[in-house]
Amino acid sequence: MADKDKNHESLTPGTGTQTLVRPDSETKQPTLYKVIILNDDFTPRDFVVHVLVRFFSKDESDANRLMLEVHHQGAGLAGTFTYEVAETKTYQVNNYARQHQFPLKCVMEAE
Ligand code: TYC
């Protein structure tokens with residue numbers, strides 16, 4: 001208590017910290033980015049499934065479903081993230097595929 005008085009904290013009710021609150025209309029939501037995985041003719045299906053499990057935390061059956069969707073439709077949504085997370089995942093997947101000499105690619109786009 002003596003310490004608190006020294007810091008004048010006892011003059012501020014509550015926690016001793018202040019929170020500034022904006023009206024909802026002024027609160028900005030961060031822009032989200034889609035990470036889209038693209039089809040190609042060479043990357044093995046199993047490798048795509050493995051990538052979806054490893055980098056996008058899919059379970060095996062969701063990963064398999066998404067892989068087939070991409071295989072048949074050309075592209076598919078791997079996930080939606082903040083800018084930095086989307087950028088990191090895109091970079092990691094493209095590097096990982098290149099290291100294994102597969103042409104698999106992800107791209108990101110603003111939602
Ligand atoms: N089209 C590939 C094949 O036939 C499989 C594949 C699926 C590749 C999804 C990339 O994002 C992809 N081996």
Side-chain angles (χ1 to χ4, degrees):
M1 262 319 168
D3 279 344
K4 267 193 176 174
D5 289 346
K6 222 187 294 166
N7 294 329
H8 307 289
E9 281 184 20
S10 58
L11 299 176
T12 308
T15 62
T17 59
Q18 287 187 324
T19 304
L20 299 174
V21 178
R22 291 179 204 276
D24 271 357
S25 60
E26 287 181 19
T27 306
K28 295 192 202 93
Q29 303 297 328
T31 308
L32 293 177
Y33 289 79
K34 296 177 187 168
V35 176
I36 312 274
I37 185 158
L38 304 178
N39 189 35
D40 66 70
D41 291 339
F42 299 103
T43 306
R45 294 178 182 207
D46 285 355
F47 184 80
V48 178
V49 171
H50 167 72
V51 161
L52 294 171
V53 170
R54 177 171 175 143
F55 294 100
F56 297 97
S57 305
K58 306 288 188 195
D59 66 33
E60 199 78 19
S61 95
D62 282 352
N64 206 59
R65 229 190 324 270
L66 178 56
M67 180 281 294
L68 287 175
E69 182 190 316
V70 176
H71 176 71
H72 290 295
Q73 303 189 16
L77 180 64
T80 302
F81 307 99
T82 58
Y83 182 86
E84 284 190 0
V85 174
E87 191 184 41
T88 300
K89 288 191 187 290
T90 300
Y91 182 83
Q92 287 175 333
V93 168
N94 293 344
N95 267 330
Y96 189 72
R98 197 181 47 237
Q99 279 164 10
H100 289 80
Q101 298 180 299
F102 294 130
L104 179 67
K105 285 272 180 302
C106 279
V107 294
M108 57 189 280
E109 67 179 44
E111 205 179 50

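Keep in mind it's a predicted model, so treat the numbers as computed, not measured. Along the sequence shown, residues are numbered consecutively beginning with 1. Indexing begins at 1, ligand by ligand and atom by atom, following the structure's order.
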Which of parallel (below 30°), tilted (30 to 60°) and perpendicular (above 60°) describes Tyr96 and Phe47?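 Ring orientation, 0 to 90° scale: parallel.
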
Would you please test Val51 and Leu104 for side chain to side chain contact (heavy atoms under 4.5 Å, CB included) and show each step? CA-CA 10 Å; Val51 161; Leu104 179 67; 4.0 Å; yes

Under the criterion side chain to side chain contact (heavy atoms under 4.5 Å, CB included), I'd like the reasoning laid out for Asp62 against Arg65: C-alpha separation, chi angles, the key distance, then a yes or no. CA-CA 5 Å; Asp62 282 352; Arg65 229 190 324 270; 2.5 Å; yes

Donor-acceptor contact present, side-chain Lys34 to main-chain Leu77, <3.5 Å: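 No: the side chain of Lys34 does not pair with the backbone of Leu77.
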
Pick from Thr88, Thr90, Ile37, Val93: which one makes a side-chain contact (heavy atoms from CB on, under 4.5 Å) with Phe55?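 Per the side-chain contact (heavy atoms from CB on, under 4.5 Å) rule, the option paired with Phe55 is Val93, out of Thr88, Thr90, Ile37, Val93.
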
Of Phe81, Tyr83, Tyr91, which is the lone residue that meets side-chain contact (heavy atoms from CB on, under 4.5 Å) with Met108?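 When side-chain contact (heavy atoms from CB on, under 4.5 Å) is applied between Met108 and each of Phe81, Tyr83, Tyr91, only Tyr83 qualifies.
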
For each nitrogen or oxygen atom of ligand 1, which protein N/O atoms lie closer than 3.5 Å, and how far apart are they, rounded to 0.1 Å?
residue  : atom   : partner : partner atom : Å
ligand 1 : 1 (N)  : Asn39   : OD1          : 2.8
ligand 1 : 1 (N)  : Asp40   : O            : 2.7
ligand 1 : 1 (N)  : His71   : ND1          : 2.9
ligand 1 : 4 (O)  : His71   : ND1          : 3.4
ligand 1 : 11 (O) : Leu38   : O            : 2.7
ligand 1 : 13 (N) : Thr43   : O            : 2.9

